[in-house]
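This report concerns only the one structure given below.
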Amino acid sequence: MIEWLTHNFVPLMFVGLFLFLITGFPVAFSLAATGLFFGLIGMELGLFPASLFNALPLRVFGIMQNETLLAIPFFTIMGIVLERSRMAEDLLETIGQVFGPVRGGLGVAVVLVGALLAATTGVVSAAVISMGLISLPIMLRYGYNRSIATGTITASGTLAQALPPSLVLIVLADQLGRSVGDMYAGALIPGLMLVALYLLFIFGVAIIKPHWVPALPPEARIYNEPNGASGHKSLIVLMGLSAVVGYLWSLVHNDLMKQWLGRTLDAPRDETFILSLMVAALFALVLSLANKLLRLNLLSRLAQQVTFVLIPPLLLIFLVLGTIFLGIATPTEGGAMGAVGALVMAFVRRRLTLQVLKQALENSTKLSIFVMFILIGSTVFSFTFNAADGHIWVEHLFDQLPGGQIGFLIFVNLLVFALGFFIDFFEIAFIVVPLLAPVAEKLDINLIWFGIIIAMNLQTSFLTPPFGFALFYLRSVAARNDYVDQVTKQPIKRVTTEQIYKGSIAFIILQVMMVALLIWQPTLVTGQLEPPVEVDVDAVREQLLNMPGLDSGWGESSDPWGDPPEEQE
């Protein structure tokens with residue numbers, strides 16, 4: 001019996017964890033209880049000494065001192081303040097007015113606002129619930145196909161998993177032992193490509209099934225000019241001028257950064273892209289402010305509204321990402337700037353109330369405690385797991401997988417996809433990722449690439465019926481009974497669960513395509529990263545040996561890396 005327990009100790013740990021979880025015990029305490037219980041058994045079996053657990057308190061204190069995780073409460077405060085100050089409502093109304101005159105315009109507005117909310121709130125539940133409450137009644141009011149409307153909302157809300165500055169990417173970077181800035185840089189292009197796929201899908205529906213995504217009727221357009229013009233020409237001119245200014249900045253960005261920061265290497269492309277967007281947005285905001293204060297009347301009502309609603313959150317996002325990419329601020333410092341910026345924006349718009357501040361602090365505290373307890377529990381579990389050579393057992397599980405890197409990535413994606421139905425992404429990041437990361441590194445898989453693939457995969461599992469969390473969030477706010485619309489006074493039928501599930505299918509296919517594309521083309525992620533600095537060891541050795549004053553008392557060979565000469569008797 002003792003011999004059987006010894007040989008099956010690691011798989012029995014997983015069985016024990018599963019038994020704890022199905023009893024309904026909280027995940028954090030289940031992890032810690034499993035680690036301590038099996039740690040006691042392991043000591044009795046002689047698998048490891050009792051003194052080993054003397055190091056556990058130091059590991060826990062190390063977690064408490066992890067500055068990277070401080071970014072989580074900062075970004076949470078930023079997102080909640082912006083959400084509670086009705087930013088989502090203003091964005092949906094304004095962008096809906098911009099694209100409303102064309103078929104599919106409301107769907108485009110939901111995708112773009114979903115991307116903005118993802119980059120500010122970073123929380124799927126907040127994004128889905130906000131857009132479900134605000135945009136779903138409007139889309140149903142004007143005759144949108146119900147599956148298209150619900151699918152667009154849930155898919156856009158899950159963008160918070162993969163678009164920087166995402167909380168998921170912060171946690172994955174911490175667990176993979178990689179820089180958060182590199183994780184953000186690697187996720188930027190795939191995240192924007194996924195947004196583009198969503199937009200292309202809506203445009204395709206507008207062409208093939210135009211009656212599914214009708215345009216806003218003329219009476220619903222509220223920012224027309226006194227002469228009846230829509231104001232889009234003025235907006236296009238403003239966007240064109242801003243684009244030219246951003247492009248001109250991109251041409252001189254590299255030289256300016258070398259001069260100001262004393263750089264020798266060229267600026268990364270993601271840094272140039274973000275800073276160029278920031279300059280373009282700032283130019284549009286300054287131009288609109290001058291137009292308003294000086295009463296020049298050069299811009300239409302629509303252009304003014306878009307600028308004052310859309311540009312401030314964009315500038316906040318660009319400021320946070322730009323300082324991180326420039327290396328001026330760490331992700332924690334960037335998150336702190338984002339939180340302060342959100343408070344300032346809410347104050348300027350007279351929406352920073354005591355209730356909003358209280359909700360932001362309460363939610364960020366709860367989320368931080370939740371993350372900290374899961375991390376401590378997973379550390380206790382992994383402490384016993386690694387002491388019993390569990391990491392070697394995990395490596396042996398993948399020895400026989402065909403296909404090398406690709407076979408491993410496909411298996412991992414299927415595993416994470418299935419786990420995403422039942423447990424939260426924090427739990428997956430703290431339990432599963434540390435077990436898989438050493439195997440991925442041994443297979444020579446870039447861990448930034450690995451992390452982005454997992455983030456995209458988790459986003460897919462949030463949408464998949466019947467357990468997708470995003471579907472539950474929308475179900476909680478969608479109309480369960482027939483009702484009369486307050487604007488049109490027309491009866492609106494309830495939204496069924498089947499319609500919500502059906503709407504997610506097309507977007508799941510798009511996300512699976514994106515995951516497959518990332519596996520097939522890793523340069524979409526790794527191409528945005530700075531190449532590792534290669535050190536010529538021989539050249540360094542030669543420089544050290546030629547340094548004046550270096551003691552060459554080892555005989556004729558003064559190489560400190562060589563073998564010392566034998567002592568003379």
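The figures here come from the full heavy-atom set of this structure, side chains too, leaving out hydrogens, waters and symmetry mates.
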- Message: I'd like to know if E89 and R349 make a salt bridge, using a cut-off of under 4.0 Å between side-chain N and carboxylate O.
- Response: no
- Test salt bridge (Lys or Arg N to Asp or Glu O under 4.0 Å) on R475 and E498 and set out the steps. CA-CA 10 Å; R475 175 68 280 174; E498 180 184 356; over 6 Å; no
Assess the pair [X] and [Y]: is the distance between their ring centroids shorter than 6.0 Å?
X	Y	answer
Y184	F325	no
F29	F373	yes
F14	F385	yes

- Item | Matching residue for V412 among I453, V439, I445, L436 - test: side chain to side chain contact (heavy atoms under 4.5 Å, CB included) | L436
Any chance you could measure [X], atom [atom1], to [Y], atom [atom2], to the nearest 0.5 Å?
X	Y	atom1	atom2	result
I448	T526	CD1	OG1	10.5 Å
L524	I519	CG	CD1	12.0 Å
T76	L367	OG1	CG	4.5 Å
T460	L510	OG1	CG	10.0 Å
F411	L414	CZ	CG	8.0 Å
I317	I274	CD1	CD1	9.0 Å

So which heavy atom on [X] is nearest to which on [Y], and how close?
X	Y	answer
L19	T23	O-CG2, 3.1 Å
G527	R269	O-NH2, 2.8 Å
A109	L92	O-CD2, 4.3 Å
P465	I508	CD-CD1, 3.8 Å
S147	Q499	OG-O, 3.5 Å
I452	A187	CD1-CB, 3.5 Å

Is the side chain of [X] donor-acceptor paired with the backbone N or O of [Y] at a distance under 3.5 Å, no angle test?
X	Y	result
D389	I392	no
N386	S382	yes
S156	I153	no
Q521	L518	no
R494	A478	no
E44	I41	no
T323	I328	no
N457	V416	no

- Mind running side chain to side chain contact (heavy atoms under 4.5 Å, CB included) on T464 and S504 for me, showing each step along the way? CA-CA 7 Å; T464 307; S504 67; over 6 Å; no
Would a 4.5 Å heavy-atom cut-off, applied to side chains only, mark [X] and [Y] as touching?
X	Y	value
L447	E441	yes
M13	F381	yes
L275	F318	no
V495	L474	no
L31	V380	no
N413	V515	yes
P331	I170	no
P190	M456	yes

Other residues, nucleotides, ligands: >12 heavy atoms within 6.0 Å of [X] [atom1]:
X	atom1	answer
F472	CZ	yes
D444	CG	no
I22	CD1	yes

- Any idea how F38 and F9 line up, ring-wise: parallel (<30°), tilted (30 to 60°), or perpendicular (>60°)? perpendicular
- Item | Chi angles and distances behind the side chain to side chain contact (heavy atoms under 4.5 Å, CB included) call for V171, I72 | CA-CA 9 Å; V171 173; I72 292 176; 3.9 Å; yes
- Where do T158 and Q511 land on the side chain to side chain contact (heavy atoms under 4.5 Å, CB included) test, with the steps shown first? CA-CA 11 Å; T158 59; Q511 290 184 355; 3.5 Å; yes
- Message: Could you walk me through whether L188 and F273 satisfy the side chain to side chain contact (heavy atoms under 4.5 Å, CB included) test, starting with their C-alpha distance in whole Å, then the side-chain angles of each, then the deciding distance to 0.1 Å, before giving a yes or no?
- Response: CA-CA 10 Å; L188 188 60; F273 176 71; 4.0 Å; yes
